[in-house]
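Input: a single structure, listed below in structure tokens.
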Amino acid sequence: MGVAITIFTYFGDDEETLSARFYGVKKAFCEAFKGDISIIKEYSFGEETFILGEKKTEVILFEAEKWNKRLEEDVVQNFKKLENSAAENGFEKLSDYFKNLFHTEQRTPDSWHLWSSMRNIDDIFGYGTEYAVHDKDDNWTVIMPKDVLEDVKRHPEQYAIVKLIYD
């Protein structure tokens with residue numbers, strides 16, 4: 001099945017073809033996370049899975065500005081899902097809800113989403129991560145660092161958004 005990931009990446013202004021730069025990002029992702037991922041596929045190469053800053057500057061700027069906010073909102077929404085689930089099952093506290101789940105050997109898919117989003121806020125890449133930032137120094141993060149955001153604002157044409165699927 002796989003996990004869809006959106007990568008905000010430095011794309012440079014090389015003379016290489018677009019497809020060569022795209023596959024360079026894919027290769028860098030595989031190398032950075034070997035051991036954590038086993039299979040990688042790309043969506044069909046097209047506008048929805050590949051946004052180039054030199055062609056869509058406004059989209060790159062918009063996505064960069066909301067990148068970290070989206071991660072924060074994911075955590076809040078996942079907490080709300082858990083709070084609702086706890087209330088629906090008669091619990092006022094999340095700790096009591098999880099204690100009950102543990103002792104009754106039940107699991108909730110909401111805990112996976114919460115764990116994944118909390119890991120994102122802690123800037124930890126792991127299986128299930130849906131967002132990554134790849135900077136010009138070949139560093140990988142989940143949260144967009146302030147210096148990367150500032151560089152994107154100065155040179156949005158040098159960035160791209162690439163969507164891949166990994167297992």
Side-chain angles (χ1 to χ4, degrees), residues 1-83 110 112-167:
M1 187 167 121
V3 176
I5 186 166
T6 301
I7 302 170
F8 197 103
T9 184
Y10 176 75
F11 216 57
D13 51 8
D14 298 339
E15 296 298 318
E16 290 182 322
T17 65
L18 288 180
S19 62
R21 290 192 282 171
F22 174 82
Y23 288 108
V25 171
K26 178 181 169 183
K27 181 180 176 188
F29 181 73
C30 288
E31 288 174 8
F33 300 107
K34 64 181 166 199
D36 291 325
I37 59 172
S38 59
I39 300 169
I40 188 163
K41 316 171 231 184
E42 65 273 0
Y43 290 102
S44 57
F45 193 77
E47 258 186 57
E48 294 172 9
T49 60
F50 184 70
I51 300 169
L52 192 59
E54 62 192 37
K55 293 186 179 184
K56 295 197 174 188
T57 304
E58 70 287 343
V59 174
I60 293 295
L61 290 169
F62 178 79
E63 289 296 323
E65 286 287 342
K66 74 174 192 174
W67 192 267
N68 292 341
K69 185 70 173 163
R70 180 186 309 125
L71 296 173
E72 175 188 325
E73 289 171 359
D74 285 350
V75 172
V76 171
Q77 289 304 318
N78 286 319
F79 263 110
K80 286 180 180 179
K81 286 179 191 174
L82 280 170
E83 289 169 344
D110 296 329
W112 164 258
H113 297 295
L114 177 62
W115 176 76
S116 295
S117 59
M118 290 296 291
R119 188 182 56 212
N120 291 346
I121 289 297
D122 287 336
D123 209 13
I124 300 169
F125 180 88
Y127 188 82
T129 298
E130 297 174 335
Y131 301 102
V133 176
H134 179 225
D135 71 16
K136 64 173 81 177
D137 296 321
D138 207 28
N139 296 309
W140 289 86
T141 59
V142 178
I143 295 174
M144 183 173 292
K146 289 179 183 177
D147 62 325
V148 172
L149 178 58
E150 292 305 314
D151 194 51
V152 171
K153 288 177 181 179
R154 285 189 303 274
H155 304 288
E157 72 283 356
Q158 294 183 346
Y159 287 83
I161 298 170
V162 175
K163 295 184 181 183
L164 302 172
I165 300 174
Y166 68 93
D167 262 340

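For the single chain, residues carry numbers from 1 onward in sequence order.
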- Name all residues meeting the side chain to side chain donor-acceptor pair (under 3.5 Å) criterion together with Glu65; count only those two or more places apart in sequence or in a different chain, and write none if there are none. Lys153
Measuring from [X]:[atom1] to [Y]:[atom2], what's the distance to the nearest 0.5 Å?
X: Lys80; Y: Glu73; atom1: NZ; atom2: CD; answer: 9.5 Å
X: Asp167; Y: Ile37; atom1: CG; atom2: CD1; answer: 9.5 Å
X: Ile51; Y: Glu63; atom1: CD1; atom2: CD; answer: 6.5 Å
X: Trp115; Y: Asn120; atom1: CH2; atom2: CG; answer: 9.5 Å
X: Tyr159; Y: Thr57; atom1: OH; atom2: OG1; answer: 13.0 Å
X: Thr9; Y: Ile161; atom1: OG1; atom2: CD1; answer: 10.5 Å

Examine distances only and state if a side-chain atom of [X] and a backbone atom of [Y] form a donor-acceptor pair shorter than 3.5 Å.
X: Asp137; Y: Asn139; result: no
X: Tyr166; Y: Gly128; result: yes
X: Arg119; Y: Tyr127; result: yes
X: Trp67; Y: Ala132; result: no

For [X], all residues meeting side-chain contact (heavy atoms from CB on, under 4.5 Å), sequence neighbours excluded:
X: Ile143; answer: Asn68, Leu71, Asp123
X: Ala28; answer: His134, Asp138, Trp140
X: Asp147; answer: Pro145
X: His155; answer: Asp151, Glu157, Gln158

- Message: Any non-hydrogen side-chain atom of Val162 less than 4.5 Å from a side-chain atom of Phe29?
- Response: no
- So do Phe11 and Ile60 actually touch side chain to side chain, heavy atoms under 4.5 Å? no
- Applying salt bridge (Lys or Arg N to Asp or Glu O under 4.0 Å) to Glu130 and not counting sequence neighbours gives none
- Task: Please say whether more than 12 non-hydrogen atoms of neighbouring residues, nucleotides or ligands are located less than 6.0 Å from NZ in Lys66.
- Result: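 Yes, NZ of Lys66 has more than 12 neighbouring heavy atoms, counting only those of other groups under 6.0 Å.
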- For Phe62, does the CZ atom have more than 12 heavy-atom neighbours from other residues, nucleotides or ligands under 6.0 Å away? no
- Grab the two heavy atoms, one from Leu164 and one from Lys26, that are nearest each other, plus how far apart they are.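 Nearest pair, atom of Leu164 first, then Lys26: CD1-CA, 4.2 Å.
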- Should Lys69 and Glu72 be marked as a salt bridge (charged side-chain N to carboxylate O under 4.0 Å, His left out) after you check the CA-CA gap, both sets of side-chain angles, and the distance that decides it? CA-CA 5 Å; Lys69 185 70 173 163; Glu72 175 188 325; 3.4 Å; yes
